[in-house]
Amino acid sequence: MKVFKFGGASVKDAESVKNVVRVLKHEGFEDTLIVISAMGKMTNAIEKIVDAYYYKTNNLAAQIEFVRNFHIEIIDNLFENKKNVILFDLEQLFGQLSGFLATNKSTDYNFIYDQVVGFGELLSTKIISIYLNEIGINNSWIDVRDYIKTDINYRNATVNWEETTININALNTNNLFLTQGFLGSNSKNKTTTLGREGSDYTAAIFAYCLNAESVTIWKDVAGVLNADPRYFEDAKLLEQISYSEAIEMAFFGASVIHPKTIKPLENKNIPLYVRSFYNLDLKGTTVGKNLNLLPEIPCYILKKEQILVSISALDFSFMVEHNLSDIFKTLHDNKLKVNLIQNSALSFSVCIEDKFNNFETFLSKIKLKYNISFVNNVLLYTIRHATQNAIDLVEEKGVVLLKQTTKGTVQLVMQ
Ligand code: ADP
Ligand code: ASP
Ligand code: MG
């Protein structure tokens, strides 16, 4: 069995969905499971529905209309027949969404987020599944929430591998399956999500449980490049990389593969191909065990919207184990992700990411016991396989606030 993953960019409009058909016909689709994300930037749009509802702003109806119209336009451009079938399914899903918003009693933002945001994937997979059936590519739409079971950690759920494996093994293969990325469900049968951009991980979960022969992630780029092409001119294709290299790149923030994707694949030695959905003649990138980086060139990773924090003791004492563990606990309690650490006798610096808007709470707690200063909105560059030329190239981009070198990896915090 093969697993294919199509992300938002590959299904952003009707033409793109038709292109998915081209990919399937070119590659073959027997014995395949396809994981699909929400269309285009729909997850961002649905996040706005969540916020409008939660914060009771007056644009909830408009946000819902925006998402509905986006999908209706795609349906209009995609379907010649059977429009009523898909429109019926679409209205059913919007009915479920309205029903949830009207009856929900919970005040837990993360719970509400997961119940609402998953409609992006449900809508996209319904539309694509019905379209494929209509043009003769017979497939079975499956609800991923019946297969991937997780804990109750809404917005960043952890997979229950035991249950998930049993569920997925019950799938009768020799078929073409189509399902949602990003989603799971917990023991209360409530929708959970695996973290933003988590559809890659979904593909890896299915591949692991099915002992798949490979996973292919279809992208709007030629494969994994040595830098994000939006920020680096002249980014070059990496023809092959090892699982460890891919994990390191994803960990430092290369947004081309979700960081959790690699482990399940590595554990079963399942190759991952990252390929262009535009140019099917290109081989793309192969990620596998012990593959040497090819070509062997520096790789640049940029993380934006970081906060550089510097902390020292109020009484001029050393920053050692006991105060460091106290600071780390406070960071952890506030779900602040640490991307770089630097320590000296009297001060401790960290570059952190505030995904859940907890920095103010962290600040107020730390201020009680330490001196703290911070710089908002800095950039964190990581260069793997760094050369002097590569470092010079990054340093030219701004002012270096902090620099750290470890075994061929150089990290620069810049403003
Ligand atoms: P998807 O639609 O599958 O979710 P994304 O838009 O999340 O795709 O990811 C693809 C984008 O990732 C590319 O268009 C590119 O701008 C960006 N990107 C960032 N880092 C890299 C990299 N190292 N190699 C390739 N693409 C990268
Ligand atoms: N649709 C989700 C997101 O945009 C998951 C994904 O695309 O991987 O985060
Ligand atoms: Mg994405």
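Counting starts at 1 for both ligands and their atoms, following the listed order.
- Crowding of Ile152 atom CD1: a count of heavy atoms from other residues, nucleotides or ligands under 6.0 Å not exceeding 12.
- If you number the atoms of ligand 1 from 1 as listed, the ones under 4.0 Å from a heavy atom of Ala9 come out as 2 (O).
- No hydrogens or angles considered: a donor-acceptor pair under 3.5 Å links the side chains of Ser199 and Ser37.
- In this structure, Lys260 fails the cation-pi test against Phe182, since its NZ or CZ atom is not both closer than 6.0 Å to the six-membered ring centre and inside 45 degrees of the ring normal.
- Gln411 and Thr382 share a donor-acceptor pair across their side chains, judged by distance under 3.5 Å alone.
- Contact annotation for atom 23 (N) of ligand 1: protein present (non-hydrogen atoms, distance under 4.0 Å).
- Heavy-atom contacts of Ala227 reach the following atoms of ligand 1: 22 (C), 23 (N) (cutoff under 4.0 Å).
- The Mg ion (ligand 3) has Glu197 OE1 as its protein N, O or S neighbours under 2.8 Å.
- For the pair Arg68 and Phe94, the cation sits on the ring face: its NZ or CZ lies under 6.0 Å from the ring centre, inside 45° of the axis.
- For Phe29 and Phe4, the ring centers are positioned 6.0 Å apart or more.
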Exercise. Can Asn44 and Lys48 be said to form a side chain to side chain donor-acceptor pair (under 3.5 Å), step by step?
Worked result: CA-CA 7 Å; Asn44 294 354; Lys48 291 190 181 146; over 6 Å; no
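- Each of the atoms 13 (C), 14 (O), 25 (C), 26 (N) of ligand 1 lies under 4.0 Å from some heavy atom of Val221.
- Aromatic pair Phe356/Tyr109: centroids not less than 6.0 angstrom apart.
- Nearest protein heavy-atom contact of atom 27 (C) of ligand 1 is Val256 CB, 3.6 Å.
- Taking only nitrogen or oxygen atoms, main chain and side chain alike, Ser10 does not reach within less than 3.5 Å of ligand 1.
- Side chains of Lys329 and Asn334: a donor-acceptor N/O pair is absent below 3.5 angstrom, by distance only.
- The shortest N or O to N or O distance between Asn226 and ligand 1 is not under 3.5 Å.
- Every protein residue with a heavy atom nearer than 4.0 Å to ligand 2 is included here: Ser37, Ala38, Thr43, Glu121, Phe182, Arg196, Glu197, Gly198, Ser199.
- Between the side chains of Asn186 and Lys149, no donor-acceptor pair of N or O atoms lies under 3.5 Å.
- Heavy-atom proximity to atom 15 (C) of ligand 1, evaluated over Ala235, Ser255, Pro229, is greatest for Pro229.
- Annotation: atom 4 (O) of ligand 1 to nearest protein heavy atom, Glu197 OE1, 3.5 Å.
- Figure legend: cation-pi geometry between Lys126 and Trp141, with NZ or CZ positioned under 6.0 Å from the six-membered ring centre and within 45° of its axis.
- The ligand atoms of ligand 1 that sit less than 4.0 angstrom from a heavy atom of Gly223 are 24 (N), 25 (C).
- With rounding to the nearest 0.5 Å, the separation of OG in Ser185 from CD in Glu163 is 8.5 Å.
- Salt-bridge formation is detected for the pair Arg384/Glu245: a Lys NZ or Arg NE/NH1/NH2 atom is positioned less than 4.0 Å from an Asp or Glu carboxylate oxygen.
- At a heavy-atom cutoff of 4.0 Å, ligand 1 is contacted by both the backbone and the side chain of Leu225.
- Looking only at protein heavy atoms, the nearest one to atom 11 (C) of ligand 1 is Asp220 OD1, 4.0 Å.
- Phe79 and Tyr131 have their aromatic ring centers within a separation under 6.0 angstrom.
- Ring centroid separation for the pair Trp161 and Tyr208 comes in under the 6.0 Å cut-off.
- No side-chain N or O of Gln115 forms a donor-acceptor pair with one of Asn104 less than 3.5 Å apart.
- Nearest protein neighbour of atom 3 (O) of ligand 1, counting heavy atoms only, is Lys219 NZ, 2.9 Å.
- Note: an N/O pair closer than 3.5 Å links Gly8 and ligand 1 by distance alone.
- Considering backbone and side-chain atoms alike, Arg230 places an N or O below 3.5 Å from some N or O of ligand 1.
- Counting non-hydrogen atoms of neighbouring residues, nucleotides and ligands closer than 6.0 angstrom, the CD atom of Glu73 reaches no more than 12 such neighbours.
- Atoms of ligand 1 lying under 4.0 Å from any heavy atom of Asp228, numbered from 1 in the order shown and given with element: 15 (C), 16 (O), 17 (C), 18 (N), 19 (C), 20 (N), 21 (C).
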